[in-house]
Protein chains: 2
Amino acid sequence: MASTLGAADPVPASASTAASAAASAPASAPTLTERSRQKADRRAAILGAAATLFAERGYAGVTIEDLGAAVGVSGPAVYRHFPGKAAVLAAILQGASQTLLDGAERVLGEAPDAAAMLRSLIAHHVDFALGDADVILVQDRELEQLDLGARHEVRLLQRRYVEHWVDVLSRLRPDRAEAELRFRAHAAFGLLNSTPHSARIPGRRPADGTIRGILEEMAWASLMS
Amino acid sequence: MASTLGAADPVPASASTAASAAASAPASAPTLTERSRQKADRRAAILGAAATLFAERGYAGVTIEDLGAAVGVSGPAVYRHFPGKAAVLAAILQGASQTLLDGAERVLGEAPDAAAMLRSLIAHHVDFALGDADVILVQDRELEQLDLGARHEVRLLQRRYVEHWVDVLSRLRPDRAEAELRFRAHAAFGLLNSTPHSARIPGRRPADGTIRGILEEMAWASLMS
DNA sequence: CCCCGATGTTAGCGAGCACTCACCGACATG
DNA sequence: CATGTCGGTGAGTGCTCGCTAACATCGGGG
């Protein structure tokens, strides 16, 4: 769950004003004190709990008090880790987009040909959708709650992610226009991201191992049809 | 946009306490006075505006004042048509589910065989998704904002809708388990409902007539793969 | 060992908002 | 024409919630 923007850096920047701060630790290493590790844990815990709560009750349906209570602290302690409620949401969405993009670029580097690339992209996306269902829900539901800056950054990451799909697809189907391939990619995302939504529908669904195969099959068939 | 529940009946129930109310009009006819027609128009206008606003800013991001202002009245006038903000959302979601279900049952009656049925179901769903994009967005985003009663009713309608799909699919692919077909149907909904989401993504998309064909092709391919 | 900074707590403020109330004009009915 | 009802308004109310302020506590580096 990496975060770029957000004004709340996970690395403690103690004595940042002093120019002679090169004493305690090598400047490149993030100063592994006990205090900072606990802080990082708290931050991660808040993000995880927030993703679940936002997915369940919506961004507006969760209070700062809820966020703190979910990790054992109460109310305004959250402000020690995030500058505000919106920043928590921003960190979740940026982390998700970054993770998705990084993973895509990783698997693309390992695939021998275009077909394998598409298979890898699909498999990786399924991984994410099944593993971080909460984040998926929040992702395509609360994006417009973000302020313009953060929303723009998330959009940028998403756009780069989509372009990887379009690149691979245009190698497999050079006869099709880019606009169509981009549209098909978005539709496939809708298909793959449906699991978090249908998860709360009553009708019992297939075993978790089976789901994976079905989703990959459907995504491939729809994209290449 | 029919509404069953909601405690706000579109038919004026004036003098409902009097037992001798069989004077002015036939009891079955809804008393077509000018006043009641305007009221029905207002109600419909509020519902339409609310769908757009909820889709744009989320249920919690829209105030009762906004709802009134969108149709030219201000603030509490909305309470003359709906008992509260939640009732507006409930009417939208119930209307959507009902419309979708009615349309499905209509097209199913006109199709000669199972393959035509599936084609019709897909085409009808695409119609709805492209025509009422706002409602689609609200549908799969704000369902849990409803109170338990209304949510249950919407779930019931949705369930019946899905069962129509499962029925048709099981006639086309009797080798597959019902649970898998239901899961595939939900995934296809995710695919078809993706257009309202991707509509606000920057990358230019194909012409509106082309989209229809692509979506139908993808849905069919994914379901029958 | 001691002091500084960082993390947490409780109390409280101020804004936004759903909803109510008292009142008004207009339309349909007897 | 008189009247009761209905749709609309402006002011007001109480509550929720994001966020701040002032104070307690503790870990860790000089």
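Numbered from 1 within each chain, the chains take letters A, B, ... in sequence-line order. This one's a predicted model, so the numbers in the text were calculated from it and none came from an experiment.
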Next on the checklist: Here's a test of your reading of the structure: between B:Arg35 and B:Arg80, which maps to the more 5' nucleotide of DNA chain C?
Outcome noted: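 Looking at the nearest nucleotide for each, B:Arg80 comes out on the 5' side.
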Checklist outcome for this item: A:Asp147 meets the salt bridge (charged side-chain N to carboxylate O under 4.0 Å, His left out) criterion, sequence neighbours left out, with none
Checklist entry - For the residue pair B:Phe189 and B:Trp165, does the interplanar ring angle fall in the parallel (under 30°), tilted (30 to 60°) or perpendicular (over 60°) class? => result perpendicular
Checklist entry - Can you name the residues that form a side chain to side chain donor-acceptor pair (under 3.5 Å) with A:Glu163, not counting sequence neighbours? => result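 Partners of A:Glu163 by the side chain to side chain donor-acceptor pair (under 3.5 Å) criterion, ordered by chain and then number, come out as A:Arg182.
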Item to check | Those residues that, when tested against B:Thr63, pass side chain to side chain donor-acceptor pair (under 3.5 Å) (two or more places apart) | outcome: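 Per chain and number, B:Thr63 pairs via side chain to side chain donor-acceptor pair (under 3.5 Å) with B:Asp66.
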Between [atom2] of [N] and [atom1] of [X], the distance in whole Å:
X: A:Gln38; N: D:dC26; atom1: CD; atom2: C1'; result: 11 Å
X: B:Phe82; N: D:dC6; atom1: CZ; atom2: P; result: 17 Å
X: B:Lys39; N: C:dA28; atom1: NZ; atom2: C1'; result: 15 Å
X: B:Ile46; N: D:dG7; atom1: CD1; atom2: P; result: 11 Å

Could you pull out every donor-acceptor pair under 3.5 Å between side chains of residues 71-79 of chain A and any protein atom, sequence neighbours left out?
| from | atom 1 | to | atom 2 | distance (Å) |
| --- | --- | --- | --- | --- |
| A:Ser74 | OG | A:Glu65 | OE2 | 3.3 |

Next on the checklist: Does anything in residues 39-64 of chain A form a ring pair (Phe, Tyr, Trp, His ring centres under 6.0 Å)? List the pairs, not counting sequence neighbours.
Outcome noted: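 Every pair satisfying ring pair (Phe, Tyr, Trp, His ring centres under 6.0 Å) with a residue in residues 39-64 of chain A: A:Phe54-A:Tyr59.
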Between the protein and nucleotides 15-19 of chain C, list the N/O to N/O atom pairs that are separated by less than 3.5 angstrom.
| from | atom 1 | to | atom 2 | distance (Å) |
| --- | --- | --- | --- | --- |
| C:dA18 | OP1 | B:Val62 | O | 3.3 |
| C:dA18 | OP1 | B:Lys85 | NZ | 3.0 |
| C:dA18 | OP2 | B:Ile64 | N | 2.8 |
| C:dC19 | OP2 | B:Tyr79 | OH | 3.0 |
| C:dC19 | OP2 | B:Lys85 | N | 3.0 |
| C:dC19 | O5' | B:Tyr79 | OH | 3.4 |

Item to check | Residue-phosphate contact under 4.0 Å: A:His81 side-chain N/O, C:dG8 OP1/OP2 | outcome: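 Checking A:His81 against C:dG8: at least one side-chain N or O falls below 4.0 Å of OP1 or OP2.
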